[in-house]
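The structure appears below as structure tokens.
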Amino acid sequence: VGKFLDDFTLTRYGRESYPTMRKVIQIVFDTFHKSDGYSKHPEITGSNLILRMIYKYYDRLPHNGTVDLEGYKSDFMIMVNNTKKALQLALQEKDRQKDNPLYENDMVVWDRAYLGANVCFYMVDAFEGFKNKDTAKLDYSGKKAIEYLNRLELLLSRRSDYSLRYMFDY
């Protein structure tokens, strides 16, 4: 896998950006593709990270209907922290990569993953507030989840490849 990631990074971003972007690719790989629980559904590609998070959520539901809220929150916070770190590192290469559409696409995918992980974290936190009759937590986390959903909508609405308009423009 390491050799593939080396070649992938070099081909995708070039020699000058390789040192930084190789670190970014490793963070993304470690977060979403390693066999530490994040890859229970290998048929889901890296571009469907939000679906991967949803599958992870449902995999943990036991048959008795109880939910491991702290486990979910911990998992989603790992995703939040790792995707934020990957984005911050990748932004160091924005000038060198300004004409690379693959870099732009990757930044959108990683930002989508970051925003989606935040949505999931705050939804679970809001549910925890609801379950514990903590209205302040429910209100705060619900608002944060909506804030991140709005940011996700704004990000995706600016890209034609996330548009369904073609379905309606016959």
Side-chain angles (χ1 to χ4, degrees), residues 1-62 67-125 145 148-149 151-164 166-167:
V1 172
K3 174 75 170 120
F4 170 79
L5 295 178
D6 291 343
D7 293 344
F8 173 84
T9 305
L10 186 60
T11 302
R12 198 164 182 92
Y13 307 109
R15 194 163 304 288
E16 286 185 23
S17 294
Y18 176 85
T20 302
M21 295 309 294
R22 181 59 179 89
K23 292 175 189 171
V24 171
I25 293 299
Q26 192 64 53
I27 291 168
V28 171
F29 177 78
D30 290 346
T31 303
F32 296 105
H33 300 287
K34 276 182 113 174
S35 59
D36 61 358
Y38 292 108
S39 59
K40 290 182 182 177
H41 303 278
E43 72 279 3
I44 300 173
T45 65
S47 63
N48 293 313
L49 299 174
I50 293 179
L51 284 177
R52 186 178 295 273
M53 289 183 249
I54 292 168
Y55 276 117
K56 185 165 181 59
Y57 174 84
Y58 282 108
D59 276 352
R60 190 171 286 151
L61 288 175
V67 178
D68 175 15
L69 296 177
E70 284 306 313
Y72 294 137
K73 285 172 49 177
S74 174
D75 289 347
F76 291 129
M77 192 46 60
I78 289 168
M79 292 178 197
V80 166
N81 291 333
N82 288 353
T83 52
K84 181 178 182 178
K85 183 178 179 181
L87 284 163
Q88 289 171 332
L89 270 173
L91 282 171
Q92 295 174 12
E93 297 299 319
K94 69 181 177 186
D95 292 335
R96 279 191 269 252
Q97 295 294 319
K98 68 180 179 228
D99 296 322
N100 182 351
L102 299 174
Y103 170 83
E104 179 187 343
N105 187 65
D106 292 344
M107 292 298 287
V108 170
V109 169
W110 299 332
D111 195 24
R112 189 181 82 188
Y114 168 75
L115 296 170
N118 271 289
V119 169
C120 292
F121 173 84
Y122 284 111
M123 291 294 289
V124 172
D125 203 48
Y148 281 103
L149 277 171
R151 288 174 59 186
L152 186 58
E153 177 188 21
L154 181 63
L155 172 73
L156 298 180
S157 69
R158 295 178 180 191
R159 294 279 302 245
S160 62
D161 51 335
Y162 286 102
S163 173
L164 298 177
Y166 73 92
M167 294 174 65

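Every value quoted in this text rests on a predicted model; they were computed, and no experiment measured them.
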Note to self: What's the separation between atom CZ in F32 and atom CD1 in I78, rounded to the nearest 0.5 Å?
What the structure shows: 10.5 Å
Item checked: Distance, nearest 0.5 Å, that separates CE of M79 from SG of C120 -> 7.5 Å
Item checked: Check: T11 side chain, F8 main-chain N or O, donor-acceptor pair, under 3.5 Å -> no
Notebook entry, point to check: Of L156, L152, L154, which meets side chain to side chain contact (heavy atoms under 4.5 Å, CB included) against L115?
Noted result: L152
Margin query: Which heavy atom of A90 sits nearest to which heavy atom of V24, and what is that distance?
Written below: N-CG2, 3.6 Å
Notebook entry, point to check: Counting N and O atoms only, with roles assigned by atom type, does the side chain of N118 sit under 3.5 Å from a partner on the main chain of A145, one being a donor and the other an acceptor?
Noted result: no
Checklist line | Exercise: identify the closest heavy-atom pair between R12 and N100 | finding: O-ND2, 2.8 Å
Check: Rounded to the nearest 0.5 Å, what separation is found between the CG atom of L89 and the NZ atom of K84?
Finding: 12.5 Å
Checklist line | Interatomic spacing from CG in L5 to CZ in F29 - rounded to 0.5 Å | finding: 6.0 Å
Notebook entry, point to check: Distance-only, no hydrogens or angles: does the T83 side chain make a donor-acceptor pair with backbone N or O of V80 under 3.5 Å?
Noted result: yes
Next item on the list: Mark yes or no for whether N105, through its side chain, and P101, through its backbone, hold a donor-acceptor pair below 3.5 Å.
Entry: no
Notebook entry, point to check: Taking the side chain as C-beta and beyond, is there a heavy-atom pair between D6 and Y18 under 4.5 Å?
Noted result: yes
Next item on the list: Measure across T20 and Q92 and return the closest heavy-atom pair with its distance rounded to 0.1 Å.
Entry: CG2-OE1, 4.0 Å
Check: Does D111 come within less than 4.0 Å of R151, counting only side-chain N to carboxylate O?
Finding: no
Margin query: Tell me whether the rings of Y148 and Y122 are parallel (<30°), tilted (30 to 60°) or perpendicular (>60°).
Written below: parallel
Checklist line | Test item: Q97 side-chain N/O and Y13 main-chain N/O as donor-acceptor pair under 3.5 Å | finding: yes
Margin query: Once rounded to the nearest 0.5 Å, what's the spacing between atom CG of D30 and atom CG of N82?
Written below: 8.0 Å
Margin query: Going by salt bridge (charged side-chain N to carboxylate O under 4.0 Å, His left out), name the residues that satisfy it together with D7, two or more places apart in sequence or in a different chain.
Written below: K3
Notebook entry, point to check: What distance separates E93 CD from M107 CE, expressed to the nearest 0.5 Å?
Noted result: 10.5 Å
Notebook entry, point to check: If you take all heavy atoms of W110 and V28, which pair is closest and at what distance?
Noted result: NE1-CG2, 3.6 Å
Note to self: Set out, in order, the CA-CA distance, both residues' side-chain angles and the distance that settles side-chain contact (heavy atoms from CB on, under 4.5 Å) for Y103 and K98, then state yes or no.
What the structure shows: CA-CA 8 Å; Y103 170 83; K98 68 180 179 228; over 6 Å; no
Note to self: On a heavy-atom basis, which atom in R22 and which in T9 lie closest, and how many Å separate them?
What the structure shows: N-CG2, 3.4 Å
